[in-house]
Asks: 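Please read through the structure below; I'll follow up with questions.
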Number of protein chains: 2
Amino acid sequence: MTLAEVARRAGVSAATVSRVLSGSPAVKPSMRERVLTVVRQVNYLPNVHAQALAGGRSRTLGMIVSNIENPFFLGVFMALEEHATQQEYEVLVEHTGYRRERLVASIRSMLKRRVEGLAVIVSEMDRGLIEELAAQDVPVVFYDVGRPARNITSIRVRYDRGTQRTAEYLYSLGHRRFGFVGHHAGLGPLEERKRTFTEVMERFGKGVRFATASGMDSPAGGRHAAGDLLSGTLRPTAILCANDHMAVGVLRELHDRGLRVPDDVSVAGFDNIGLAEHLCPSLTTVRIPQRMIGQLAFEALMFGDAAKPRDIVIEPELIVRESSGPAPGTNRRRRID
Amino acid sequence: MTLAEVARRAGVSAATVSRVLSGSPAVKPSMRERVLTVVRQVNYLPNVHAQALAGGRSRTLGMIVSNIENPFFLGVFMALEEHATQQEYEVLVEHTGYRRERLVASIRSMLKRRVEGLAVIVSEMDRGLIEELAAQDVPVVFYDVGRPARNITSIRVRYDRGTQRTAEYLYSLGHRRFGFVGHHAGLGPLEERKRTFTEVMERFGKGVRFATASGMDSPAGGRHAAGDLLSGTLRPTAILCANDHMAVGVLRELHDRGLRVPDDVSVAGFDNIGLAEHLCPSLTTVRIPQRMIGQLAFEALMFGDAAKPRDIVIEPELIVRESSGPAPGTNRRRRID
DNA sequence: TTGAAAGCGATACCAT
DNA sequence: ATGGTATCGCTTTCAA
């Protein structure tokens, strides 16, 4: 069924049908009724491709994430989508599995679909791709990579602060042997998190020892990484994870080895995914406001003032739950104050 | 940048550029090179809307799920998408939150986008909607609802068998007081699962008592439902959950109440999401092959022979893990055979 | 093997 | 307030 056919059946012009469907005020109520009746009768649904082509707007936003199985990304997506829906926009998602070639394909795909805005929430960005997007005239939001520019809004989280706070908190609990579970060594922002960890550790001085390991961004990956960490000579009493998704597997590996959390080993995640508080033990983590990020991304894409590109910085916040506690052997008397 | 502009710069006709881009063999290699050079030079990306409009095919599949935060749905999506990508198709996802009005909107949206196939993996289907889709000429796959028809493939899982096996297994372990944690009472397939549970329970006879509760399809929902169940007078020693996603919260609630799993209470989920084996305790559950469902859906949509609509039935399989064990007070001597 | 031109199904401008 | 029509960017005959 086409617009033209609807017009014919209603005995009006295509222009009128179009006006009715787009809710133009310049159409007499009687006319509107006549048209709508036919529309309902034949169950007419406009062809978005024709609309996008003729109208020059797709009413579509795109979002590319590294790993859609990681609830963090899903959280951002849900928020973005919620806002978009309110403005009658749709959101297309693609996920890359942290692979650059898939990112390239996803970007191409989004551009071919003529999205009116693109949120790129991935870690596998490199300078080349960033510049290619900066050359486009689509509004773009980057998370954790890139610099603001004409069409670019940058949202970034102070991972360093989050890592630092977590480490200091654990240090204050008496921990002196730390482990870090990361993933995808080699990807810019992820590498940076690990480096931050290393720096914080070194700042503690000689009394502190540490090791790092990595796996895929999944519970299984976290489990493997934790396995590596625990098989080493360090025997860490505190493990920081690059994210909660992996921390799930870390908890599991600890459990398998008969290590109690937090009595024997403390674990901290990152992101505060919904699952974190439902795990046993619930997960100490760093809150990254997914909903806020989704909303900010949406606003940047839709209402971004091309004149003043924004650089949004988010301060993370430590959330202490059951998975962390005093280092084993520490005096556990608690001050009740 | 448009096809026409590329054609101009290459000094050829639009038709030729189109042929080159679609990999038509009827174009001289030299010509192909000339065109591709320009295409790369100007970074040309075809407009999918124009392609879809002119070509009459969108090279797009649609998938609608009830709850994208439930890893089960995500698992099916990932598999479907993987296969689609191999055939140069894209998959659009929408999620409904179990709300009929959103399902209606999603279906409309997909139809307007002229998807070439639509997988509807939701519980909030009703006869009206099913028939509306059956009237369409798009291939459709339903999961767990609807009957096969001209353009309809139906994939269904024998939930009854899964529930039955789980219940019998727990019964054999000595459990006599059962709880069921479901969600969205009132939605067809979900209601059915609960009824199945009830039937199985009643079949056990007078020695068995049971109760049901429900919440949202989320860990938090499972937690609340479990809370209700445990606040009652029944004091179940075994809890069956409508899915693993909710079971996560059930485990947590048990933990909060100081009940040990499986020593005090056994828990069984449904779906076997990836997380299930990483929980502590790992979750006894019923395996629903998500990847297979995704693949079957894909094949039905792409290669479905309109002549013979298919009715695919999947037999679930019980997976016993740590969250289930003998009922408390049961003689625990184990035969070592 | 390549080009010209007729659609595809809407929108939006210009008339009336 | 309504209609006519050029236009969007591409695919696909049909000719040459």
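The sequence lines fix the lettering, A, B, ..., with proteins before strands; numbering per chain opens at 1.
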Asks: Could you state the CD-P distance from B/Glu5 to D/dC8, rounded to the nearest angstrom?
Replies: 13 Å
Asks: Do A/Arg113 and B/Thr60 have a side chain donor and acceptor closer than 3.5 Å?
Replies: yes
Asks: When you measure from the side chain of A/Ala26, which nucleotide among C/dG3, D/dT2, C/dT2 comes out closest?
Replies: D/dT2
Asks: Closest heavy-atom contact between A/Leu118 and A/Met63?
Replies: CD1-N, 4.1 Å
Asks: Between A/Lys28 and B/Leu45, which residue's closest nucleotide on DNA chain D lies nearer the 5′ terminus?
Replies: A/Lys28
Asks: Atom CZ of B/Arg113 and atom P of C/dC8: how far apart are they, to the nearest Å?
Replies: 22 Å
Asks: Determine whether A/Asp311 and A/Arg147 satisfy the following criterion, salt bridge (Lys or Arg N to Asp or Glu O under 4.0 Å), listing intermediate values before the conclusion.
Replies: CA-CA 8 Å; A/Asp311 198 355; A/Arg147 315 258 69 243; 3.7 Å; yes
Asks: For the pair made of CZ in A/Arg32 and P in D/dA1, what is the distance, rounded to whole Å?
Replies: 11 Å
Asks: Which residue in the set A/Ile155, A/Val122, A/Thr153, A/Leu133 passes side-chain contact (heavy atoms from CB on, under 4.5 Å) when paired with A/Phe142?
Replies: A/Leu133
Asks: Once you round it to whole Å, what is the distance between P of C/dG9 and OH of A/Tyr44?
Replies: 10 Å
Asks: Over all strands shown, is B/Val12 touching base, sugar-phosphate only, or nothing at heavy-atom distances under 4.0 angstrom?
Replies: sugar-phosphate
Asks: Any side-chain N or O of A/Ser13 less than 4.0 Å from the OP1 or OP2 oxygen of D/dG3?
Replies: yes
Asks: Could you check how far NZ of A/Lys112 sits from P of D/dC8, rounded to whole Å?
Replies: 22 Å
Asks: Which protein N or O atoms sit under 3.5 Å from an N or O of nucleotides 11-13 of chain C?
Replies:
residue: C/dT11; atom: OP1; partner: A/Gln51; partner atom: NE2; Å: 3.3
residue: C/dT11; atom: OP2; partner: A/Ser18; partner atom: OG; Å: 2.4

Asks: Would you call B/Arg127-B/Glu131 a salt bridge at under 4.0 Å N-O?
Replies: no
Asks: Just to confirm, is there a sub-4.0 Å distance from OP1 or OP2 of D/dT2 to any side-chain nitrogen or oxygen of A/Thr16?
Replies: no
Asks: Closer than 4.0 angstrom, basic N to acidic O: yes or no for B/Glu82 and A/Arg102?
Replies: no
Asks: What is the separation between atom CE on B/Met1 and atom P on D/dC10, rounded to the nearest whole Å?
Replies: 10 Å
Asks: Check for me whether the distance between the ring centres of A/Phe73 and A/His95 falls short of 6.0 Å.
Replies: no
Asks: Where the side chain of B/Leu53 is concerned, which of C/dG9, C/dT2, D/dC10 is the nearest nucleotide?
Replies: C/dG9
Asks: Which of these nucleotides, D/dG3, C/dA10, D/dG9, is closest to any side-chain atom of B/Asn47?
Replies: D/dG9
